[in-house]
Amino acid sequence: MRSRSALKALVQDLLADAATRAWPDLDIPHPPHVERTRDAAHGDFASNIAMQLTKAARRNPREIAQAIVDAMGDDARIDRVEIAGPGFLNFFLAPGAFRATIDQAIDAGAAYGRSDTGAGEKVLVEFVSANPTGPLHVGHGRGAAVGDTLARLYEAAGWDVTREFYYNDAGNQIEMLARSVSARCNGLTPDDADWPEGGYRGDYLADLAAAYLRGDTVTADDREVTGAADPDDKAAIREFAVAYLRREQDADLRAFGVVFDNYALESALYAEGRVEATVEALIAAGHTYENDGALWLATTDYGDDKDRVMRKAEGGYTYFVPDVAYHRAKWERGFTRAINEQGADHHGTIARVRAGLQALDIGIPEGWPDYILHQMVTVMRGGEEVKLSKRAGSYVTLRDLIDEVGRDATRYFLVARKPDSQQTFDIDLARSQSEDNPVYYIQYAHARIHAVFRQLDEQGMAWDREAADLSQLTSEYEQRVITLISRFPEVVAGAAADSSVQAIPHYLRDMADAFHSYYNAQKFLDADPGLRNARLSLIATARQVIANGLELLGVSAPERM
RNA sequence: GCGCCCGUAGCUCAGCUGGAUAGAGCACCGGCCUUCGAAGCCGGGUGUCGUAGGUUCGAAUCCUACCGGGCGCACCA
């Protein structure tokens, strides 16, 4: 199922029908490959289907193309189809087909660009998943921005999305956290000789320790914890510290516009017996063995580089066992599709988690779950790398960025590059309020359209959609805006299909560019009602598309700036 | 050493899963404000797509090797 408003889908359907009629015995790809053209001389859409069929049909591509053209019925939305070059089929759409997208977009409003591809299927997007040992850093910010935008894209494509955050609240890192807090409670600082080896050094622990000693009560993830005020009660400190830092992280995420549906705790996997049950299942499935006093899983049977220890010689489980138990639970919760957005520095864990799931032998597909990995972010200010924050000490926090450049610019920049690439975050650029800064450039286009409507109102007029004569929208500026509007559903569907968040910022940049050019070239508030209302319909649609696109990024669309 | 990611204009990056002459922005130069917001617009040129092979009608895109950069390679998480 594709969005009805996507012109590309129309061309694909007509083409598939014609090809099937022309070559009933051949296996016609469905949907056939159709793309927007770069050159207007090649029409609006082009397909290489004739070239693809040469082998099977055993004819030359132009001959195949001709047969397809002959089999194609008349459609008012298609002006003509030409055969070009080695055998491309070039589709020239009727102007009315493009104009119709304006009406469709106005009718659809905030829903324009959405589709039902996902058919309501469940998908779990796990992202951020930071451990509660300190404030979120820039890398978590990239994960939050990318993960949340992915979730929004899947929702727009018709999936039933659950956003989940997983954290370890029981392991060695938390033990180290508790020791660091305990040391702070006892008046030590990281520079003292007695400071725990490898302890967390950030200033935020001083605040945490003070809150604990005061007996503050913190609420996080449906839990309420009151500080016991005993500097040596490790269990009480651990519980308080986790709740305190979770609360801080959530405050940062909320400030960033990211809200999770669910939190998964490692301790809960133990408490519910899922870890033990998973170990037993793996043993029962026959993929484990004992060696050097440890219990091993033969992950190499499933593509891992080496086998992995499950239970250490000293007794405890390695972290990857609860990880497998967690993903098994995801599967059993009915998520046949699961996306894990995480930092590329953890890519080494992918093979063993998947191997563990395969070894369970419960029908989980080999490539499940999907992973989207993001590379590191380097923060620059004044041409120099920024490495420290006051609170965290050793790294730049997400909060630092939000405070300094704002939520909108931070979110935009963190999804504007494909996650695979390392990113340089230029604070000066993100803060600048000029055309250099794509966020402001796009938001300004949106605000500018609102300004036009305010002007309309001041002149005692109103937008009358029924009076619009869209056939008067003939300038190259108008054509460009209309074409971009018609592309939006394809862009959203494409970005959702291959999880390419960066496609949305790029599209919005183009859209803003087309609008600003149009604005400067032609006056919208024309005396002729047919033309004036047509132009108002067009820019109202552009405004809607920009707002819808920014919404996918979690970036605001201001009416005034 | 092994594995994953990246290498496209001076800079930052796109490039629609193999298509037709490789695209934007920035930077640089020159123009445009009694007119819907100049946070804007218009004009001016730039490429051994890291290198070398291969696959085919056709490669920035797929395969192999190499070069350069990043990240991983625990009975840590």
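Here the structure is a predicted model, which is why all the values come from computation and not from measurement. Chain letters run A, B, ... following the sequence lines, proteins first and then strands; every chain starts at 1.
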Starting the side chain at C-beta, find the nucleotide from [options] nearest to [X].
X: His33(A); options: U17(B), C75(B), C42(B); answer: U17(B)
X: Lys523(A); options: C75(B), U35(B), U17(B); answer: U35(B)
X: Arg560(A); options: C36(B), G37(B), G19(B); answer: G37(B)
X: Gln375(A); options: C5(B), G19(B), U35(B); answer: C5(B)
X: His347(A); options: C71(B), C36(B), C41(B); answer: C71(B)
X: Asn172(A); options: C36(B), C41(B), C76(B); answer: C76(B)

Inset, instruction - Can you sort out which residues in residues 299-322 of chain A have a heavy atom within less than 4.0 Å of RNA chain B? Ascending by number, please. - result: Lys306(A), Val309(A), Lys312(A), Ala313(A), Thr318(A), Tyr319(A)
Inset, instruction - Mind running a 4.0 Å heavy-atom check of residues 445-452 of chain A against RNA chain B and sending the residues that fall below it, in number order? - result: Ala447(A), Arg448(A), Ala451(A), Val452(A)
Legend entry - Verify stack between Tyr519(A) ring and G40(B) base, 5.5 Å, 30 degrees: no
Inset, instruction - Evaluate whether the aromatic ring of His346(A) and the six-membered ring of the G72(B) base sit under 5.5 Å apart, centre to centre, with an inclination under 30°. - result: no
Legend entry - Rounded distance (Å) that lies between atom P of A38(B) and atom NE2 of His516(A):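 From His516(A) NE2 to A38(B) P: 10 Å.
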Roughly how many Å apart are [M] and [N], using the [atom1] atom of each and rounding to a whole number?
N: C32(B); M: A9(B); atom1: C1'; answer: 28 Å
N: C28(B); M: C11(B); atom1: C1'; answer: 12 Å
N: C5(B); M: A65(B); atom1: P; answer: 14 Å
N: U61(B); M: G43(B); atom1: C1'; answer: 34 Å
N: G70(B); M: G31(B); atom1: P; answer: 45 Å
N: A14(B); M: C49(B); atom1: C1'; answer: 13 Å
N: G19(B); M: A60(B); atom1: C1'; answer: 12 Å
N: U17(B); M: G30(B); atom1: C1'; answer: 42 Å

Inset, instruction - State whether Lys330(A) and Glu164(A) are salt-bridged, where the test is any N-O pair (Lys NZ or Arg NE/NH1/NH2 against Asp/Glu carboxylate O) under 4.0 Å. - result: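 Looking at Lys330(A) and Glu164(A), the cut-off is not met.
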Legend entry - Electrostatic pair Asp513(A)-Arg480(A), nearest N-O below 4.0 angstrom: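 Yes, Asp513(A) and Arg480(A) are salt-bridged.
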Legend entry - Base-pairing string, 5' to 3', of RNA chain B - Watson-Crick or wobble, under 3.5 Å, | interstrand: (((((((..((((.....[...)))).(((((.......))))).....(((((..]....))))))))))))....
Legend entry - is_close_aromatic(Tyr519(A), Tyr477(A)), centroid dist under 6.0 Å: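 Between Tyr519(A) and Tyr477(A), the centre distance exceeds or equals 6.0 Å.
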Legend entry - Check: His347(A) ring centre within less than 6.0 Å of Tyr371(A) ring centre: no
Inset, instruction - Could you tell me whether C49(B) is syn or anti, where syn means a glycosidic angle within 90 degrees of zero? - result: anti
Inset, instruction - Have a look at U17(B) and give me syn or anti from its glycosidic angle (syn if within 90° of zero). - result: syn
Using a cut-off of 4.0 Å on non-hydrogen atoms, how would the nucleic acid contact of [X] be classed: base, sugar-phosphate, or nothing?
X: Asp292(A); result: base
X: Glu458(A); result: nothing
X: Ala46(A); result: base
X: Glu175(A); result: nothing
X: Asp426(A); result: nothing

Inset, instruction - Check the side chains of Tyr412(A) and Gln443(A) for a donor-acceptor pair under 3.5 angstrom, ignoring hydrogens and angles. - result: no
Inset, instruction - Indicate whether the side chain of Thr133(A) and that of Asn131(A) have a donor and an acceptor atom separated by less than 3.5 Å. - result: no
Legend entry - By ring pair (Phe, Tyr, Trp, His ring centres under 6.0 Å) - contacts of Phe425(A) (at least two apart):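 For Phe425(A) the ring pair (Phe, Tyr, Trp, His ring centres under 6.0 Å) partners, ignoring immediate neighbours, are Phe413(A).
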Legend entry - Given RNA chain B, 5'-ward residue of the pair Asn48(A) and Gln459(A), judged by closest heavy atom: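 Its nearest nucleotide lies further toward 5', so the answer is Asn48(A).
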Inset, instruction - On RNA chain B, check which nucleotide each of Gly171(A) and Met51(A) is closest to and give me the residue with the more 5' one. - result: Met51(A)
Legend entry - Non-hydrogen side-chain atoms of Gln423(A) and His374(A) separated by less than 4.5 Å: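 SC-SC contact between Gln423(A) and His374(A) ruled out.
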Under 3.5 Å, which donor-acceptor pairs do the side chains of residues 288-296 of chain A form with other protein atoms, sequence neighbours left out?
{"unit_1": "Tyr289(A)", "atom_1": "OH", "unit_2": "Asp307(A)", "atom_2": "OD2", "d": "2.7"}
{"unit_1": "Trp296(A)", "atom_1": "NE1", "unit_2": "Asn291(A)", "atom_2": "O", "d": "3.1"}

Inset, instruction - State whether Gln522(A) places a side-chain N or O below 4.0 Å from either non-bridging phosphate oxygen (OP1 or OP2) of C41(B). - result: no
Report all interatomic pairs (protein N or O, nucleotide N or O of nucleotides 8-13 of chain B) with separations under 3.5 Å.
{"unit_1": "U12(B)", "atom_1": "O2'", "unit_2": "Arg417(A)", "atom_2": "NH2", "d": "3.0"}

